[in-house]
Every structure is written in structure tokens, then in C-alpha cells.
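What follows is one structure encoded as C-alpha cells, with my remarks underneath.
The figures that follow rest on heavy atoms only: side chains count, while hydrogens, waters and symmetry mates do not. In what follows, residues are counted from 1 in the order of the sequence shown.
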Amino acid sequence: MQTAGACSADNRVIIFTDGACRRQAHEHLRRAGCGGWWAQGGERNFGFPLPGRFQSNQRAELMATLRAIESDRRQIEVRTDSKYVVDGFKKCVRGVFPDSHIDLWRRLLSAVGPAERVKVTKVLGHAAWRDVWSG
């Protein structure tokens, strides 16, 4: 059964994204993955290994956000626990690229289109049940 995704107070489609990397301390052993979630059973939901040789948590977080933005052309709000992505997005829409992963930031800026189409919001990562219950 397909369910519709949630909408924010300003009628944006809400998409949750995340990235993760195993063995972050060992560059040659790192393996990262990316995920995006619209809704339970959502046809746009995704999870995939981070492509390419350079594997890191930040790159996986950014790739997940990029894939979400490229996958949905509506007014969206991407919710992420990555301060790196939130701060980098703010810089990009001002025309300033962060110092790392420039290839992905350029691709993201191209995918955003009009800056008001996409909003990126920081959410709490690794929440406990008490955090969920408190809203």
C-alpha cells in the first residue's frame, strides 16, 4: 500500500535523509551509504551505497540530500541530522561553496533551481524515545 508523505506547515513535502560511514577512522576501509525517506512504503524511498572511491560520512549525508532534491521537483523540506549539509546548503544558495565535496555541492545547486523550492532543516540525530514523545 502506497502512503502519501507528510507536509510541513508551509505545504512542503517532507523528506528525511541520512548518511553513514563504517570505519570512518580508516580511509582505505571506509564504506558509506545514503538513504532518503518520504513515507512508509513510499515509492521514492531509497537506500544505496555511496558511489566512488572517496567514502566519508559527510559525503554520504550530502549525497543523500542531493538524491532527494533530484528525485522530487515539488516544494520540499529536506530534514537531516547533518550540520555539515545544513550549513553548506545555506552557503551554496548564497553562491559560496564549502571547501569539500565541491562536485556534489555544484550538482546540488543545479538541482535546487529557484532557491525557495528547497528548504533544508536540521533535526536531532540518534533520538531516544523520550525525544520522540516530546515532539
More than 12 heavy atoms of other groups within 6.0 Å of D99 CG: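 Not more than 12 within 6.0 Å, no.
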Looking at K122, I'd like to know if its NZ atom is crowded, meaning that more than 12 non-hydrogen atoms belonging to other residues, nucleotides or ligands lie closer than 6.0 Å. yes
Check: A39 main-chain N/O paired with N45 side-chain donor or acceptor under 3.5 Å: yes
Does the R23 side chain pair with the main chain of L29, one donor and one acceptor, at a distance under 3.5 Å? yes
Going from [atom1] on [X] to [atom2] on [Y], what distance comes out if it is rounded to the nearest 0.5 angstrom?
| X | Y | atom1 | atom2 | result |
| --- | --- | --- | --- | --- |
| E43 | S71 | CD | OG | 11.0 Å |
| F54 | Q58 | CZ | CD | 8.5 Å |
| I76 | T65 | CD1 | OG1 | 9.0 Å |
| E77 | F16 | CD | CZ | 8.0 Å |
| C21 | Q55 | SG | CD | 6.5 Å |
| R30 | N57 | CZ | CG | 10.0 Å |

Do the charged groups of E61 and R59 touch, with an N to O distance under 4.0 Å?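 Salt bridge between E61 and R59, a charged N being under 4.0 Å from a carboxylate O: no.
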Does the pair R117/D72 count as a salt bridge with the N-to-O cut at 4.0 Å? no
Over all atoms of both residues, closest heavy-atom pair of [X] and [Y]:
| X | Y | value |
| --- | --- | --- |
| A64 | C34 | CB-CB, 3.9 Å |
| T121 | V86 | C-CG2, 4.0 Å |
| G88 | P98 | CA-CG, 3.7 Å |

Does NZ or CZ of R67 come closer than 6.0 Å to the centre of the six-membered ring of F48, within 45° of the ring's axis?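 R67 over F48 ring: yes.
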Compare all side-chain heavy atoms of [X] with those of [Y] and state whether any distance is below 4.5 angstrom.
| X | Y | answer |
| --- | --- | --- |
| K119 | V78 | no |
| I15 | R79 | no |
| S100 | S56 | no |

Would a hydrophobic clustering, with Ile, Leu, Val, Met, Phe, Trp and Tyr connected at side-chain separations under 4.5 Å, put I102 with M63?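 Yes.
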Linking I/L/V/M/F/W/Y whenever any side-chain heavy atoms sit under 4.5 Å apart, do V96 and L104 land together?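 They do not share one cluster, since no chain of ILVMFWY contacts under 4.5 Å joins V96 to L104.
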Carefully, step by step, assess L66 and R107 under the rule side-chain contact (heavy atoms from CB on, under 4.5 Å). CA-CA 8 Å; L66 172 60; R107 193 169 142 196; 3.4 Å; yes
Under 3.5 Å, is there a donor-acceptor pair linking the side chains of W37 and D18? no
Among L109, T80, V120, which one satisfies side-chain contact (heavy atoms from CB on, under 4.5 Å) with F89?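 It is V120; the other options fail the test.
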Please verify the inter-ring angle class for W38 with F46; under 30° counts as parallel, over 60° as perpendicular, anything in between as tilted. perpendicular
As a quick check of understanding, evaluate side-chain contact (heavy atoms from CB on, under 4.5 Å) for K91 and F97, giving each step before the final call. CA-CA 6 Å; K91 286 181 181 179; F97 289 106; over 6 Å; no
